[in-house]
Amino acid sequence: MSNIITRFPPSPTGYLHVGGARTGLFNWLYARHTGGKFVLRIEDTDVRRSTRASVDAIFEALEWMGIEWDDGPYFQSKRFDIYKEYVRKLLDSGRAYYCDCTPEQVEEMRKRGMAAGGKAKYDGACREKGLSAGENRVVRFKAPLTGATVLEDAVKGNIVFQNAELDDFILERSDGAPTYNFVVVVDDITMGINTIIRGDDHVSNTPKQIQLYKALGADLPTFAHVPMVLGKDKARLSKRHGAMSVTEYQKMGYLPDALINYLVRLGWSHGDQEFFHRNELIEKFSLDHIGKSAGVFDPDKLLALNAEHIQAAPAASLIPHLTPFLKAMGIAAEDQEYLSKVIETLKPRSKTLLEMAEAALFYYTDEIVYEEKAARKFLKPDVLDPLNLLVTQLEGLNDFSEKELEGAFLRVMDTTGLKLGKIAQPVRVALTGKTASPGIFEIVEILGKERVIARLTAAARFIEEKS
RNA sequence: GGCCCCAUCGUCUAGUGGUCUAGGACGCCGGCCUCUCACGCCGGUAACACGGGUUCGAACCCCGUUGGGGUCACCA
């Protein structure tokens with residue numbers, strides 16, 4: 001029923017950073033929420049700075065996040081004919097003209113304006129010259145000199161710009177290439193984009209674009225300028241603020257849903273709710289709860305949210321996300337059922353998938369390396385008897401269920417007079433090499449009789465050799 | 001500097017004139033739980049930038065100040 005069409009227009013001059021991903025997300029969510037369309041457009045008119053590698057990086061990041069587009073990707077570099085055609089239209093209708101002022105001359109005008117009253121703009125020297133096409137000539141837009149242009153912004157409200165503040169900006173460079181403000185408008189018109197959600201660093205471009213829409217006789221889209229994402233020091237996001245690319249978060253073991261949840265919540269709210277599943281976001285997202293002020297990117301909160309998403313996810317759904325990390329550690333983890341059990345025990349103690357993979361190691365290797373401190377503290381001669389006793393008890397068990405295991409431990413406690421804590425720690429070190437791990441019964445059950453007994457006796461041997 | 005935007009705990013935010021001695025989340029600090037580490041639970045810390053109005057009554061409306069951000073290209 002809806003005919004909302006949004007778009008995401010990254011320029012391929014580097015990786016996709018979290019700020020850009022957020023505006024992409026807003027557009028995607030809004031399209032999904034309204035049942036509309038989401039268009040991907042690559043803004044690569046700056047041939048010098050655009051690279052194929054960046055394009056691929058952007059695709060990869062979007063794919064990982066699960067943001068799929070319905071139309072495109074369009075490449076502006078392949079649409080020059082269309083831009084030419086629109087320049088022609090403007091020239092023919094008298095809304096654009098050729099200008100032969102040199103960059104130096106224009107720069108001079110700006111300096112003068114800056115010195116005089118603060119208005120740094122082209123003075124319209126060639127406006128009425130009636131110049132035709134030629135070497136070193138640019139095409140400028142003949143902007144209205146008086147009156148005002150109003151931006152009716154869906155998040156910021158009405159913003160009024162005096163036309164006298166704006167100048168006759170360039171539509172087509174002297175080398176024939178179109179400029180940003182122009183191509184954006186032509187693209188948005190020809191692609192049917194009717195809802196533009198973008199960073200508010202674009203507000204000052206908007207009046208120019210609105211004038212272009214009008215000069216071209218096109219309907220205005222809905223504009224929604226969302227506040228920017230800032231770094232901890234409240235300055236614009238940059239590499240010195242730490243990990244900023246979407247791909248980095250992927251590599252650090254974040255779940256795409258967690259990143260999405262965090263990014264959307266940064267600047268948008270739904271009452272007090274902090275945790276959202278992807279579908280909930282689609283269901284609840286709307287333009288009218290986007291905040292007006294800039295937000296600081298907080299890695300701690302993202303990490304906490306990631307932990308929450310890990311906990312909330314069924315083990316089976318975590319498998320595809322965790323497997324690459326396991327593989328990187330040389331763990332094949334082919335048995336899905338086993339992996340599921342492993343994940344279940346690790347979920348509440350893993351804030352990232354990377355942590356989870358590292359914590360899973362002892363489930364997959366038989367060469368347990370004892371942490372030095374752990375061994376010194378817990379693998380001492382006095383636990384030799386309890387350990388051997390436990391082995392005997394365990395050997396007698398057919399069923400390694402938690403209940404049976406508890407019984408076995410209880411009997412060892414009985415005969416030795418030791419508390420569970422005294423026994424559990426040495427066993428934990430014997431089984432995992434570490435002093436921290438999932439519950440002792442859980443890991444014994446998952447590891448299974450054979451491996452548990454092997455590791456226990458190995459620990460006993462270790463103690464004997466030491467003393 | 002001109003133009004534009006913004007302003008609630010350290011951070012993300014709820015709040016749309018009275019129910020706010022301002023709520024939630026992250027962080028931080030206590031405690032409980034406990035076989036370790038976590039998880040979980042309970043409690044605490046901490047904010048309406050400032051000054052004027054408007055109103056019987058302002059976090060919410062208006063003006064100003066201050067502070068922060070954006071933008072002023074033949075980049076996008």
Side-chain angles (χ1 to χ4, degrees), chain A residues 9-13 43-46 48-50 76 99 101-103 106-107 110 113-122 136-140 151 153 156-157 159-162 164-167 169-181 183-184 199-207 225 227-228 230 232 234-236 262 265-275 289 291-305 307-308 311 346-351 359 374 378 409 419-429 432 434-441:
Chain A
S11 57
T13 54
E43 308 218 324
D44 59 349
T45 52
D46 186 347
R48 226 198 308 250
R49 294 199 303 155
S50 300
Q76 289 185 327
C99 164
C101 294
T102 63
V106 175
E107 182 57 29
R110 291 216 165 82
M114 196 75 114
K119 285 191 187 77
K121 43 183 271 191
Y122 170 70
N136 290 118
R137 288 182 182 177
V138 300
V139 177
R140 286 185 183 273
L151 159 59
D153 195 272
K156 303 210 179 241
I159 303 175
V160 181
F161 298 88
Q162 293 306 318
E165 296 290 338
L166 278 17
D167 66 356
F169 57 95
I170 293 175
L171 263 21
E172 189 178 285
R173 302 179 178 99
S174 53
D175 65 357
T179 58
Y180 171 74
N181 281 116
V183 295
V184 175
D200 69 6
D201 49 336
H202 283 284
V203 293
S204 50
N205 280 326
T206 312
H225 287 96
M228 314 226 66
L230 273 23
K232 186 124 192 104
K234 300 229 178 196
R236 204 187 186 127
Y262 177 73
R265 247 320 319 248
L266 181 54
W268 172 83
S269 63
H270 183 76
D272 275 346
Q273 192 173 346
E274 301 279 353
F275 184 95
H289 277 91
K292 290 182 174 188
S293 47
V296 174
F297 186 87
D298 181 3
D300 283 341
K301 189 153 184 174
L302 169 54
L303 182 63
L305 206 47
E308 256 190 89
Q311 271 210 75
L346 263 17
K347 259 168 45 173
R349 49 205 114 219
S350 307
K351 288 188 191 296
F378 296 109
F409 273 81
K419 289 199 173 145
L420 180 57
K422 287 286 174 198
I423 299 171
Q425 276 311 76
V427 172
R428 190 183 314 280
V429 176
T432 72
K434 300 184 167 83
T435 52
S437 84
I440 206 75
F441 300 127

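The sequence lines fix the lettering, A, B, ..., with proteins before strands; numbering per chain opens at 1.
Among the protein residues, A/His202 comes within range of the nucleic acid bases, having at least one heavy atom under 4.0 Å from a base atom. Using a 4.0 Å heavy-atom distance criterion, A/Cys101 is classed as a base contact. Contact annotation for A/Arg49: base contact, defined as any heavy-atom pair under 4.0 Å involving a base atom. Across all strands shown, A/Leu420 has heavy atoms under 4.0 Å from base atoms, whether or not it also approaches the sugar-phosphate. Using a 4.0 Å heavy-atom cutoff across all strands shown, A/Pro9 reaches no nucleic acid atom at all. Nucleic acid contact for A/Gly439: base, since at least one base atom lies under 4.0 Å from a heavy atom of the residue. If you check every strand for non-hydrogen atoms under 4.0 Å, A/Ser11 touches sugar and phosphate atoms only. Residue contacts for A/Thr45: at a heavy-atom cut-off of 4.0 Å it reaches the sugar-phosphate backbone alone, with no base atom in range. Within the 4.0 angstrom heavy-atom criterion, base atoms lie near A/Ile440. A/Val138 comes within 4.0 angstrom of a base, heavy atoms only. Within the 4.0 angstrom heavy-atom criterion, only backbone atoms of the sugar-phosphate kind lie near A/Ser293; the bases stay farther away. Residue A/Glu274 is classed as a base contact, given a heavy-atom separation below 4.0 Å to a base. Nucleic acid contact for A/Gln311: sugar-phosphate only, since backbone atoms but no base atoms lie under 4.0 Å from a heavy atom of the residue. A/Gly199 comes within 4.0 angstrom of nothing in the nucleic acid, heavy atoms only.
The CG-P distance, from A/Leu305 to B/G27, rounds to 11 Å in whole Å. Rounded to an integer number of Å, the gap from NZ of A/Lys232 to P of B/G10 is 11 Å. One interatomic measurement links the two molecules: CZ of A/Phe297 to C1' of B/G27, which rounds to 15 Å at whole-angstrom precision. Going from atom CD of A/Gln425 over to atom C1' of B/A38 covers 13 Å, rounded to whole Å. With rounding to whole Å, A/Phe169 atom CZ is found 13 Å from B/A76 atom P. Distance CG (A/Leu266) to P (B/C26): 16 Å, rounded to an integer number of Å. When rounded to the nearest whole Å, the span between CE of A/Met228 and C1' of B/C5 equals 12 Å. Following rounding to the nearest Å, A/Lys292 (NZ) and B/C60 (P) show an atom-to-atom distance of 14 Å.
Under the Watson-Crick and G-U wobble criteria, each requiring two contacts below 3.5 Å, nucleotide B/U19 is left unpaired. B/C26 and B/G10 make up a base pair, with Watson-Crick or G-U wobble contacts both under 3.5 Å. B/U36: no Watson-Crick or G-U partner with both key distances under 3.5 Å is found in any strand. Nucleotide B/G1 has B/C72 as its partner under the Watson-Crick or G-U criteria, with both atom distances under 3.5 Å. Across the strands present, B/U55 finds no partner; the criterion is a Watson-Crick or G-U wobble pair with both atom distances under 3.5 angstrom.
For A/Asp201 and A/Arg236, the salt-bridge test passes: some basic side-chain N is under 4.0 Å from an acidic carboxylate O.
The shortest distance between the side-chain N/O atoms of A/Lys234 and the OP1/OP2 oxygens of B/U11 is below 4.0 Å. Under 4.0 angstrom from either OP1 or OP2 of B/A73 there lies at least one side-chain N or O belonging to A/Arg110. Note on A/Ser437: every side-chain N or O is 4.0 Å or more away from OP1 and OP2 of B/C37.
Using atom P as the reference point in both B/U66 and B/G44, the two lie 40 Å apart (nearest Å). Taking the P atom of each, B/C29 and B/C39 are spaced 13 Å apart, rounded to whole Å. For the C1' atoms, the distance from B/C50 to B/A59 is 14 Å, rounded to whole Å. The gap from the C1' atom of B/U34 to that of B/G40 amounts to 12 Å, rounded to the nearest Å. Rounded to a whole angstrom, the distance from the C1' atom of B/C6 to that of B/A49 is 13 Å. Nucleotides B/G53 and B/U71, compared at atom P, are 38 Å apart to the nearest Å. With both ends at atom C1', the span from B/U21 to B/A58 equals 16 Å, rounded to whole Å. Rounded to whole Å, the separation between the P atoms of B/G24 and B/A14 comes to 15 Å.
A donor and an acceptor atom sit less than 3.5 Å apart, one in the side chain of A/Lys301 and one in the base of B/C12. Side chain A/Arg349 to base B/C37: a donor-acceptor pair is found below 3.5 Å. In terms of polar N and O atoms assigned as donor or acceptor, the side chain of A/Ser204 never comes within less than 3.5 Å of the base of B/C3 in a complementary pairing. Counting atom types as modelled, A/Asp272 pairs a side-chain N or O with a base atom of B/G23 as donor and acceptor under 3.5 Å.
In terms of heavy-atom proximity, A/Ile170 sits nearest to A/Thr179 at O-OG1, 2.6 Å. Minimum heavy-atom separation, A/Asp200 to A/Pro227: OD2-CA, 3.4 Å.
Of the listed nucleotides (B/U71, B/C35, B/A76), B/U71 has the atom at the smallest distance from the side chain of A/Arg236. Nearest nucleotide to the side chain of A/Ile159, out of B/C26, B/A76, B/C4: B/C4. Closest contact between the side chain of A/Asp201 and the listed nucleotides B/G70, B/C26, B/C39 involves B/G70. If you check B/C26, B/U71, B/U13 against the side chain of A/Ser269, the one that comes closest is B/U13. When distances run from any side-chain atom of A/Asn205 to the nucleotides B/C6, B/A76, B/U71, the shortest one goes to B/A76.
Between A/Leu230 and A/Phe297 the shortest side-chain heavy-atom distance does not fall below 4.5 Å. Using a 4.5 Å cut-off on side-chain heavy atoms (C-beta onward), A/Ile440 and A/Gln425 make no contact. For the pair A/His289/A/His270, no side-chain contact is recorded, criterion being any heavy-atom separation below 4.5 Å from C-beta on. Put simply, the side chain of A/Asn205 reaches to within 4.5 Å of the side chain of A/Tyr180, judged on heavy atoms. In this structure, the side chains of A/Glu165 and A/Gln162 come closer than 4.5 Å at one or more pairs of heavy atoms.
Here the CZ atom belonging to A/Arg140 is positioned 5.0 Å from the OH atom belonging to A/Tyr122, to the nearest 0.5 angstrom.
When each of A/Ala424 and A/Trp268 is assigned the nucleotide of RNA chain B with its nearest heavy atom, A/Trp268 is the one assigned upstream, toward the 5' end. Position along RNA chain B of the nearest nucleotide to A/Lys121 versus A/Val183 favours A/Lys121 as the more 5'-ward residue.
Sparse packing is recorded around NZ of A/Lys422, with 12 or fewer heavy atoms of other residues, nucleotides or ligands lying under 6.0 Å away.
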